[in-house]
Amino acid sequence: MKFSIRKKLILSYAAIIFLMAGISMSFVSLFSEAYILSEAQTRLRQYSDRIAISLASKQTSFSIFYDFMWESVIREVSDNNYSIAIFDSHNELYAVSNFDMLDLKKETLVKYVQMRYGRNGGFVIPENRETYAAYSRVIKYSNGTPYATIVVLMQLDKYNIDGLLFILFFVSVMAASFIAVISAFLFSGQLTRNLKKLRKRADMLAKRQFDNTITINSKDEVGELAKSIDEMAKSIEEYDRSQKVFLQNASHELRTPLMSIRGYVEGLRDGIFTDNADAVYDSILNQTSRLEKLVEDVMYLSKIETTKDIMVMSSVNTLEIIDEAIERVEGIASANDISLVKGDILIADIVGDGDHLATVFTNLFSNSLRFAKEKIFVEAVPVENGVIFTVTDDGPGFSEDDLPHIFDRFYKGKKGKHGLGLAIAKAVVTAHKGTISAYNRTDGQQGAVFEVFLPINKK
């Protein structure tokens, strides 16, 4: 059987109320019984003492007491709903009054009194599932000889408040349960409505319906969950959009060399390029190399972003990373009469994949080589918890339109190739828990600046 959150809350609230009520009632009943018994015995003792004091002041005999005072005693015990029994000097029952109002056998009373022969004090007589409070008082002559024992009794269930207490307590429990159930009903209603909205929102996301939003005004964990789902939806939508753009751009970039190759091949087949076949073959090879490089870059970028263990982390030296990158592009720089200048390079060990990090700076150098006039300047300076690398060229710098999209996949500015080099650099840096940014020089000179932060391996 399926239980909703609302039913669970209502049942839980009610169960807690009844459990606490049961425990409370047990304690209240226990303490009230002890309190009532103590109060009853106190009243009986006070009444017995008053009779004893009256008899002692008159110094009467037992027979005179019975003849002249018994009637007044009977009237008083009747007014107070007591029962009284009098025993003679031999501890034999002599007379009783109001005894018919008790469900107690006289034989039981005699047995308990005889067990307490000659002693004053209160005691309890259990009989027929009833409890009787009693107090015995020995009456003595002036010389100390006992001549009677007075026993005053009362049946507790006729004087206690258990019945009324139980009724009041039961009414209180019912009222508390009613309030608890109504509260649980109202609270769970709001909660389940919000949860149903969240489920509907999740179903929309599963169907990739990002435009439909659901408003949940709740300043609690459910509201926080709703905000998290909205943020997740935005992230999924952005990722979905970027994947579509990626596929569109990749298709476009792949189509260009393929169409070129197709055109050359068809021309060769039709005998159009008979005179310059060698040049056509070279063009086909160039387009094939371009296509191969594009596919490799796409696969490389995809692996970095999706393969968890592609990075082989170890301790690598910052200077070695820069030297490796310079060595890779040095031939191109020399051919274009551009100098690669190393400034202050912090020599430190960082945790990373040396080959992939060298690829980062290789791509940054390659991008700068397309725009630099005479030189490219690289340096590495220490900062808190890491090192910042900067690659600066003396070219025209970035345009305002290009800056926001520098690291987007397949975004090509002027003189760009595939638009993947800087995207790869960003992916590698991010995988190393670093950051990368681009901006124009701020020293009054023209040129572009790439800035890479990588955390240092502190030993």
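Each residue takes its place number in the sequence, starting with 1.
With values rounded to the nearest 0.5 angstrom, Thr131 atom OG1 is found 12.0 Å from Met154 atom CE. Atom CG of residue Leu357 and atom CD of residue Glu324 lie 11.5 Å apart, to the nearest 0.5 angstrom. Rounded to the nearest 0.5 angstrom, Ser437 OG and Lys426 NZ are separated by 10.5 Å. A distance of 11.0 Å separates CZ of Phe389 from CD of Glu379, quoted to the nearest 0.5 Å. In this structure, CD in Glu374 is found 9.5 Å from CD1 in Ile338, a value given to the nearest 0.5 Å. Rounded to the nearest 0.5 Å, atoms OG1 (Thr390) and CZ (Arg441) are 10.5 Å apart.
Here the closest heavy-atom approach between residue Phe371 and residue Pro396 is recorded as O-CD, 3.6 Å. Nearest approach of Leu403 to Tyr439, heavy atoms of both residues: CD2-CA, 4.1 Å. Taking each heavy atom of Thr318 and Ile347 in turn, the nearest pair found is OG1-CA, 3.5 Å. Minimum interatomic distance between Asn385 and Phe453 (heavy atoms only, all atoms of both residues): O-CZ, 4.0 Å. The minimum heavy-atom distance between Asn440 and Ala448, with the atom names listed, is OD1-CA, 4.4 Å. Considering every non-hydrogen atom in both Thr108 and Ile125, the closest pair reads CG2-CG2, 3.9 Å.
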Does Val316 form a side-chain contact (heavy atoms from CB on, under 4.5 Å) with Asp349? I'd like the steps, not just the answer.
CA-CA 5 Å; Val316 293; Asp349 290 331; over 6 Å; no
Would you please test Phe398 and Phe450 for ring pair (Phe, Tyr, Trp, His ring centres under 6.0 Å) and show each step?
CA-CA 11 Å; Phe398 300 111; Phe450 290 102; 5.5 Å; yes
Under the side-chain contact (heavy atoms from CB on, under 4.5 Å) rule, what do Ile350 and Ile321 come out as? Steps first, then yes or no, please.
CA-CA 10 Å; Ile350 61 175; Ile321 294 172; 4.0 Å; yes
Does the pair Val351 and His432 meet the rule for a side-chain contact (heavy atoms from CB on, under 4.5 Å), with working shown?
CA-CA 8 Å; Val351 175; His432 284 78; over 6 Å; no
Could you please spell out the steps behind the side-chain contact (heavy atoms from CB on, under 4.5 Å) verdict for Arg45 and Arg137?
CA-CA 8 Å; Arg45 177 180 57 80; Arg137 188 73 163 80; over 6 Å; no
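Within a 6.0 Å radius of CG in Asp344, other residues, nucleotides and ligands contribute 12 heavy atoms or fewer.
Defined by atom type and a distance below 3.5 Å, a donor-acceptor pair is present between the side-chain atoms of Thr359 and Arg328. Neither side chain, Asn363 nor Ser366, offers a donor N or O lying under 3.5 Å from an acceptor on the other.
Within the 4.5 Å cutoff, the side chain of Leu109 has heavy atoms near those of the Leu104 side chain. Proximity of Ile376 to Leu369: side-chain heavy atoms (C-beta onward) are separated by under 4.5 Å at one or more points. The side-chain heavy atoms of Leu364 and Leu422, taken from C-beta on, include a pair separated by under 4.5 Å.
Under the 4.0 Å criterion applied to side-chain N and carboxylate O atoms, Lys375 and Asp393 are not assigned as salt-bridge partners. We find that Lys111 and Glu107 are not joined by a salt bridge, their nearest charged nitrogen and carboxylate oxygen being 4.0 Å or further apart.
Using a distance-only test at 3.5 Å, with no hydrogens or angles considered, a donor-acceptor pair links the side chain of Asp394 to the main chain of Lys373.
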